[in-house]
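Worksheet for the structure shown next.
Chain letters run A, B, ... following the sequence lines, proteins first and then strands; every chain starts at 1.
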Amino acid sequence: MIAELGIVSTSLALLVTGVATLLAILSVVLKDERFASSARNALLMTFPLLTAACLLLIYAQWTGDYSIDYVNSVSANLQPDTLKITALWGSQSGSLLFYSWMLSLFSAGAVWLNWKRQRHLMPWVMVFLGGTLAFFTLLNVFYENPFARTWMDENGNTRTLEVSVLKPAGKVVAYPWKTDFNGETFNDFSTSDTIPPQFGGVASARAAAVYDGHGLNPLLRHPGMVIHPPMLYLGFTGFVIPFAFAMAALMIGQMDSDWIRAVRRWSLIAWVFLSIGLILGGRWAYDVLGWGGYWGWDPVENSAFLPWLTGTAFLHSVMIQEKRGMLKGWNMVMIIATYLLVLLGTVATRTGLLSSVHTFAESPLAIPMGGFLLITLVGSTAAFLWRSRQGYFKGDHEIEGIFSRESMFMLNNWVFFALTIVVFWGTWAEKITDLAVGAGLRDDVITLGPEYYRTPTAILFLIIYVLMGVAPLVAWRRATAEKVGAALRIPMALTAILVIGLIIGGIGVGATLGFGVVAFAGFATLLEISKGAHARHKTHGEPYPVAISKLFARDRRRYGGYVIHLGIVVIGIGIIGSTIFQEVTQQTIAPGDTISLGGYDMRLDNSFLAQGEDDRTMSIANVTLLRDGKVVDQLRPRRDFFPSGSPMSIAGVHSNVKGDFYTLLIFTENDQVTFRVYWNPLVNFVWWGGVLLIIGTIIATWPGREPAIIRQPRRSSITATAAAGD
Amino acid sequence: MTEVTQNQPISDPYGDQEVLDAYADTTASNAPSKNRMMTPFALVVVAAVVLISAMVVRGIYKNELEPLSDGPAPDFSLKTYDGQDIRLSDYKGKNVVVINFWQTNCPPCHEEAPMLVNVYNDYKSQGVVFIGVNAKDPDKLALDYIAQYNITYLNGLDIGDKIQELYRTDGYPETIVVSRDGEVLEHYIGQPNEIAFRRLLDQALEQS
Amino acid sequence: MKVFTRVLSLVGILIFVGMMASSQPVSAQGGDKYPPGVTADDVYKVASQIYCDVCQGVSVAYCPSTQCQAWREEIADLLAQGKTEDEIKQHFADRYGEKVTGVPVSDANRRLTYAIPISLAVVAGLIVSFQVYQWRRRETRAIQVARAANLNENYDRPVPDNVDPAYLERLMKLLEGKQ
């Protein structure tokens, strides 16, 4: 029942999306308003249909309908309720349905909210949104259908090898196979067969009666599972809207600020979700993966990081287009590249193109997804080159000085581009050199791991922090070094004091440089905010808190941006502390012994085994944490073992501002316990910086009075019908 | 249009008229002018797109390839644990070859080891050659394994996993049977069924 | 019958592949055994720079599989023999392929690894610099044109933001006061 309803709703969604795309194409070709309105309605319709499909799958997981193969693989009777729900994105086909749902959410949102203001762009926008959604729902229906079921014959034998969406026609028979060889009889695999209707087989298959499922992969049974994938997917799918608007602008040949204004908020929203997704992924890895770190330069992590890099560059670069009409071509390239990187990452993760702990198991998605990626890649590039050859991106603006805000933005673009190249090469070197091997130019491939990334990214990020501090103080068109230098006097002085303090404290050169640069950016940003507040205080006589809040309200974008920068500064402090100053040790101790690290002493009290609620066995150790002889905390690191799947380590962590004392139970023998203990200084700054990031984005995207701009009336081919309403 | 000459600085001190005229020419049609700087940029973009497309296509193609189970058996060289250097081509035209990929950390390999030794001992008089290819084990562990199961056929480490790449193996154990003339007859994934395995060797030996 | 056999082999393959796809690396049941004089920290310092395929993305130091345990013990043996970190990494690269280290150990490959992103970044930098230079060059001509023809710029002119904030506040106060 549920499965049938699910199949119907996803199939209907596919049909409706296909119709929407077709109607949108017709509205563009025939320039007919009615088709555009119909396309809009169809696209809006996909959202309730896909919502229904997702809810049905969640309901099946909740009630334990294990005849549905997906539910069987991600849910189990003993699984906690929240995980029964979040198992929607626990494995390939469910998470792909979830992905399509988000695409339809954003598509419906775009055609609902942007319809009136960007009326002339909407037909083309719907072509691209509809086309993307149609492709993904096609995958949901024909390639990875989450409602496929296991079937059994009239005797209750399960066709364990064949999971299908449609009920098999014909009579299902299952029997063991025997063979004779040299006088002995050997039993081999049991199998099943279907006697087709034309040979007298009467349809008898029923949905298999399966009473329990396998349950979610143990590593996924964690609060991070509840929120990390949705955030990440929101970030990924969110970028389809800017992409659709960019392509629409290319197709109708209007490359100025209109499409930028439409997508700015959407891009910022997608960007913040992607940022949260990345930070939460790091937090989750830190909690469960048991190596005391939060970022491993894993190919799939990088695939999510790459669009973040180009997306951040885009968000900055659009400012220059809005203020001075420059960099139109660059902005178009950046937003298209962001979306293409999202697609590339999605394809690589779901088809196993990149090898990683995160990739899904083998699936038939490789060829359709690869094809879709190539079509989008080639098509968007062709459209861009077509318009650029026609001269649409020729800038006709200028600057008076090489040292100016415009060139700072260009430098910013360059640094982010260089970072993208570094990370892209690190992730894809194996596949690219494999091309060379195939062409006979090389013997072997080059595989790059975490050691490759560290130095190049550190250098480039340092440049970014310097820019973060300096650029907001540099004037448009032409800046003078004296003025900028004067403005930077206080931040430089504060930084110098900090650096001297760090050197006296004996911190190494690299760390001092890192902290100095990051702090410089922080000081410069704080100074900007305080200058504005001080100015308000002087002219309006407001007390400082009021001054600050009114300042933020007056210019949300700028001050929200400053708060985001402060968040990045805080994250930077956390990364430098926890990377350069991390201490690790692994020791085996008996009860009563201590391990000392980072100024703490950890004493083993005892260890024991326990049985968990679901099917896990837990090996737990009680340890006491002391500092200077005084008890600070009691920790319980443990190791969970599952009947199927690899064991999971839950760390015992003592967190405070200075850092995390993080201990893992590795192995127990009799009463001796092997611990791996980490001292991660300042690591909590990473998470707090993330919170600041979110606050800053909320400030920046909060709907408010648009700044007063004198606009010239725009000639549009659809003004008449727009005035008539739709 | 006023003529501009060098000797009339007063009416047009900055030479604006000349510039204005030039500007008027280019904007006459109201269409955006061609940007000549695009061409090298366009080439770079096209090159990047071609590279990425090729990378994706080849990556997917290689992922979709099945383990090698027919056609000519790729030649390889192997340095055995007792120091010999052997090549697969040494046996071409002379022996039926069985290549077994194993690893000490793989339980099914331990399970099949006695069966393989038995089959080898039965068939070695008929000239069937067994080659054991080890993946990723330190010599000490590999030699312990060989001693544990009394394996008498040649074994060696697959340096850099090259042989596994050639035969597109996925895991362990996997067994390849190569005919006398160097064609792959069968690629067993996991433990081969002993009956079917022996039958195949019989068939392979019957071939000229 | 032959088709039947083939179908059955396929069935067998599917079962096994299914099992292999879902099987997890065999986890180390026992603790690592190192030769005397070699501590876990010594081993982990080297092992955290070596990667085996079994646990993807995680170094040999942190992977719980028996394969990585065997490699950690091999590292411990080499340390006991007095080998340095670089020698151990070279040993592993020679035996198991260059993919086991994060950056290739051979000079040629290592140089290529860094040459490609650096050269691409440099080329991009040149393009960017050229474009900024172009902007500066167009300045003279555009200023003359604008001045002579009193042209309207057909884009929106926002408030410049390098104005002294105090001045801006006074201005706004004045304007608001007038309404």
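- Distance CG/A:D443 to NZ/B:K162: 7.5 Å, rounded to 0.5 Å.
- Residues A:T381 and B:V46 fail the side-chain proximity criterion, which asks for heavy atoms closer than 4.5 Å.
- Within 6.0 Å of NZ in B:K124 there are more than 12 heavy atoms belonging to other residues, nucleotides or ligands.
- Nearest heavy-atom pair across B:I60 and A:A366 is CD1-O, 3.4 Å.
- By the 4.5 Å heavy-atom criterion applied to side chains, A:L435 and B:L51 are counted as neighbours.
- At a 4.5 Å heavy-atom cutoff, A:L340 makes no contact with chain B through either its backbone or its side chain.
- Neither the backbone nor the side chain of A:L354 has a heavy atom closer than 4.5 Å to any heavy atom of chain B.
- Rounding to the nearest 0.5 angstrom, the gap separating the CG atom in A:L341 from the CD1 atom in B:I52 is 7.5 Å.
- If you take CG on A:D434 and CE on B:M55, they are separated by 11.0 Å, rounding to the nearest 0.5 Å.
- Only the side chain of A:L374 comes within contact range of chain B, with at least one heavy atom under 4.5 Å from a heavy atom of that chain.
- Residues B:V45 and A:V333 are not in side-chain contact: their nearest non-hydrogen atoms beyond the backbone lie 4.5 Å or more apart.
- Closest approach of B:S53 and A:L377 over heavy atoms only: OG-CD2, 3.4 Å.
- When the shell of 6.0 Å around OH of A:Y143 is examined, it contains 12 or fewer heavy atoms from other residues, nucleotides or ligands.
- For B:V50, no part sits under 4.5 Å from any heavy atom of chain A, backbone or side chain.
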